[in-house]
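Below you will find the structure I want to go over with you.
None of these values were measured; they are calculated from a predicted model.
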Amino acid sequence: MTTTLAIPAEAIRVGQSRTLRFEGEPYGSTVSFFLVTSDPGQGPGLHRHPYDETWSVLEGEATIVVGDQTVVARAGDTAVAPANVWHRFTNTGTGTLRIVCIHASPVMIQEWADEA
């Protein structure tokens, strides 16, 4: 386990993208997260996890699909996908979407619908 008070963004950046991926286990945390910055029309495909995922929209607008429900979330809004329920989100605004995707697990486990 690494004890670090501040983890530099560059240490958890996904490739050359604007997305940050933090997996908690190496740092002694029981949660993980993505901090996603995306342009209109972008977002992950349909997927699920064996644990809850909670989103907090920091900027912009996201259309979030959880099972058979769809919601539009804007800055300040929070949404939750229960464990094992297929879900996705897309930037449906006209500007940048910044969203935190909190995984209730120290390790991220994702199953993609197109691989199921």
Heavy atoms only: give me the nearest C101-E53 pair and the separation to one decimal.
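So the minimum-distance heavy-atom pair works out to CB-OE2, 3.1 Å.
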
So with a 6.0 Å cut-off around CZ of R88, is the heavy-atom count from everything else above 12?
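No - once you tally the heavy atoms of other residues, nucleotides and ligands closer than 6.0 Å, there are 12 at most.
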
Measure the shortest side-chain to side-chain distance between V36 and L97 over non-hydrogen atoms and say whether it is less than 4.5 angstrom.
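No, every pair of side-chain atoms sits at 4.5 Å or beyond.
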
Students often mix this up, so state it plainly: with edges at 30° and 60°, are the rings of F33 and F22 parallel, tilted or perpendicular?
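Judged by the thresholds at 30° and 60°, the geometry between F33 and F22 is parallel.
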
Is there a path from V66 to V71 through hydrophobic residues (I, L, V, M, F, W, Y) whose side chains come within less than 4.5 Å of each other?
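Yes, one cluster joins them.
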
Heavy-atom closest contact (G67 atom, V85 atom, distance)
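The pair with the smallest heavy-atom distance is N-CG1, 3.5 Å.
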
Take R98 and T96, measure what side-chain contact (heavy atoms from CB on, under 4.5 Å) needs, and give me the verdict at the end.
CA-CA 6 Å; R98 292 186 67 238; T96 299; 4.1 Å; yes

Minimal non-hydrogen separation, G45 against H47, with atom names
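The pair with the smallest heavy-atom distance is O-ND1, 2.8 Å.
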
Which heavy-atom pair separates S32 from G24 by the least distance, and what is that distance?
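Closest heavy-atom pair between S32 and G24: OG-N, 3.1 Å.
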
Do E61 and V72 come close enough that some side-chain heavy atom pair is under 4.5 Å?
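Yes - at least one pair of side-chain heavy atoms lies under 4.5 Å apart.
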
Taking atom CD of Q110 as the centre, does the number of heavy atoms from other residues, nucleotides or ligands within less than 6.0 Å exceed 12?
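Above 12, so yes.
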
Do F34 and Y51 sit in the same hydrophobic cluster, where Ile, Leu, Val, Met, Phe, Trp and Tyr count as joined when their side-chain heavy atoms come under 4.5 Å apart?
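As far as the 4.5 Å side-chain criterion goes, Y51 and F34 are connected within one cluster.
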
Distance, nearest 0.5 Å, that separates CD1 of I12 from OG1 of T19
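Taking CD1 in I12 and OG1 in T19, the distance rounds to 11.0 Å.
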
Which of parallel (below 30°), tilted (30 to 60°) and perpendicular (above 60°) describes W55 and H87?
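Perpendicular.
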
Can you tell me how far apart CG (D77) and CG (L58) are? Round to the nearest 0.5 Å.
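If we round to the nearest 0.5 Å, D77:CG and L58:CG are 11.0 Å apart.
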
Taking atom CZ of R13 and atom CZ of R18, what is their separation to the nearest 0.5 Å?
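These two atoms lie 10.0 Å from each other.
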
For G95 versus N91, what's the shortest heavy-atom pair and its separation?
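Closest heavy-atom pair between G95 and N91: O-ND2, 2.9 Å.
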
In this structure, would F89 and L20 fall into the same cluster of hydrophobic residues linked by side-chain contacts under 4.5 Å?
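Result: no, two separate clusters.
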
Distance check, rounded to the nearest 0.5 Å: E25 atom CD versus S105 atom OG?
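Those atoms lie 8.0 Å apart.
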
Let me confirm one number: the NE2-CD1 distance from H103 to I109, rounded to the nearest 0.5 Å.
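Separation between the atoms: 10.5 Å.
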
Got P50 and N84 here, is their nearest side-chain heavy-atom distance under 4.5 Å?
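Contact flag for P50/N84 side chains = yes.
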
Nearest heavy-atom neighbours spanning V100 and L35
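That would be CG2-CD1, 3.7 Å.
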
Output the distance between atom OG (S29) and atom CD (E23), rounded to the nearest 0.5 Å.
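So the OG of S29 and the CD of E23 are separated by 11.0 Å.
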
